[in-house]
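Predicted, not measured: the structure shown is a model, and the values here were computed from it.
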Amino acid sequence: MRPGQLAAVSSFVTHEYESYNADALLLIIPRRLAVGYEKTFERRSFEKVVVDDDEQYTLLHQLRAIYSIHMRLGCCSGMDGIAYEQLIASVCSAFLGLAVYCCGLRENIAVNSSLIGALDYIHSHYNEEIRIPELARLMLCSQQTLSDQFRELFGMTIKSYINHLRANAVCTMLSTDASLTLSEATERAGFGSIRSMLRAYRREYGCTPSENR
């Protein structure tokens, strides 16, 4: 995530975001506060993750309003707990309605244990060589099944997802360690060559590491 961006993500969808040079507001709405939306969100996720500028401004305005209410009327203000939760529930309900209107909803596929296990493994070993047939064997499923479910959930191949993680790692390493060379960052992130790293980096950030640095 970069300055000025806003994303809406359903709680049961696997996701990870990094914030670059920006303060972030994170709103987590418990199920008990999603009044009237329990069935609406059942087995669904947002269709559009990053919203348009006008919609983003409106959502961000409401998000800051919720934050302001919480800071002024939260547990330290002496306001009655039941009254406070009712107030928060009403503003969160309005926020959810706007989020659904702006983003839309789609049916979500069933996320099984094999896919969750594969994600855990990839995030732990992305900087090592990962063979997809071996990954499927470890998850006790076929390579085709794992690949199809991964593409349906994330809209990309397993290899593309691994390269996405590696490109992010290169960006993080170069931005935090000025003495690190491009070759060192490439190797530590798990890329087989600088050429493959540059290709993945351009796809992720639209520029080279040197331009970004």
Item to check | Intermediate values then yes/no, side-chain contact (heavy atoms from CB on, under 4.5 Å), T145 and D148 | outcome: CA-CA 5 Å; T145 297; D148 288 348; 6.0 Å; no

Checking the side chain of [X] only, and the main-chain atoms of [Y] only, is there a donor and an acceptor separated by less than 3.5 Å?
X: S114; Y: C141; answer: no
X: R166; Y: M197; answer: no
X: T186; Y: L182; answer: yes
X: E187; Y: E184; answer: no
X: S175; Y: C171; answer: yes
X: Q62; Y: L59; answer: no

Item to check | Joint cluster assignment, I66 & M71, ILVMFWY side-chain distance < 4.5 Å | outcome: yes

Please report the shortest heavy-atom distance between [X] and [Y], naming the atom on each side.
X: M139; Y: Y121; answer: CE-CB, 4.4 Å
X: Y201; Y: C207; answer: CD2-O, 3.1 Å
X: I122; Y: F150; answer: CD1-CE1, 4.1 Å
X: A169; Y: Y126; answer: CB-OH, 3.6 Å
X: F95; Y: I29; answer: CD2-CD1, 4.1 Å
X: L180; Y: M173; answer: CD2-CB, 3.6 Å

Checklist entry - Just wondering, do F191 and N163 contact through their side chains at under 4.5 Å, heavy atoms? => result yes

Checklist entry - Taking side chain as C-beta onward, heavy atoms only, is R202 less than 4.5 Å from T208? => result yes

Checklist entry - side-chain contact (heavy atoms from CB on, under 4.5 Å) between L198 and R195: does it pass, once the steps are laid out? => result CA-CA 5 Å; L198 289 174; R195 183 179 180 181; 5.9 Å; no

Checklist entry - Does a side chain donor of either S90 or S93 reach within less than 3.5 Å of an acceptor in the other side chain? => result no

Item to check | Modelled atom types, side-chain donor and acceptor of Y205 and N168, under 3.5 Å | outcome: yes

Could you tell me the separation between the [atom1] atom of [X] and the [atom2] atom of [Y], rounded to the nearest 0.5 Å?
X: L63; Y: L98; atom1: CG; atom2: CG; answer: 11.0 Å
X: E204; Y: S160; atom1: CD; atom2: OG; answer: 10.5 Å
X: L165; Y: L119; atom1: CG; atom2: CG; answer: 9.0 Å
X: I162; Y: T157; atom1: CD1; atom2: OG1; answer: 8.5 Å
X: L138; Y: R131; atom1: CG; atom2: CZ; answer: 13.0 Å

Checklist entry - Can you check whether Y161 and H123 have ring centres sitting under 6.0 Å from each other? => result yes

Item to check | salt bridge (charged side-chain N to carboxylate O under 4.0 Å, His left out) partners of R137, counting only residues at least two apart | outcome: E134

Checklist entry - With E128, which residues qualify under salt bridge (charged side-chain N to carboxylate O under 4.0 Å, His left out), at least two apart? => result none

Item to check | Test log, rule side-chain contact (heavy atoms from CB on, under 4.5 Å), inputs S147 and I158 | outcome: CA-CA 7 Å; S147 297; I158 298 175; 4.1 Å; yes

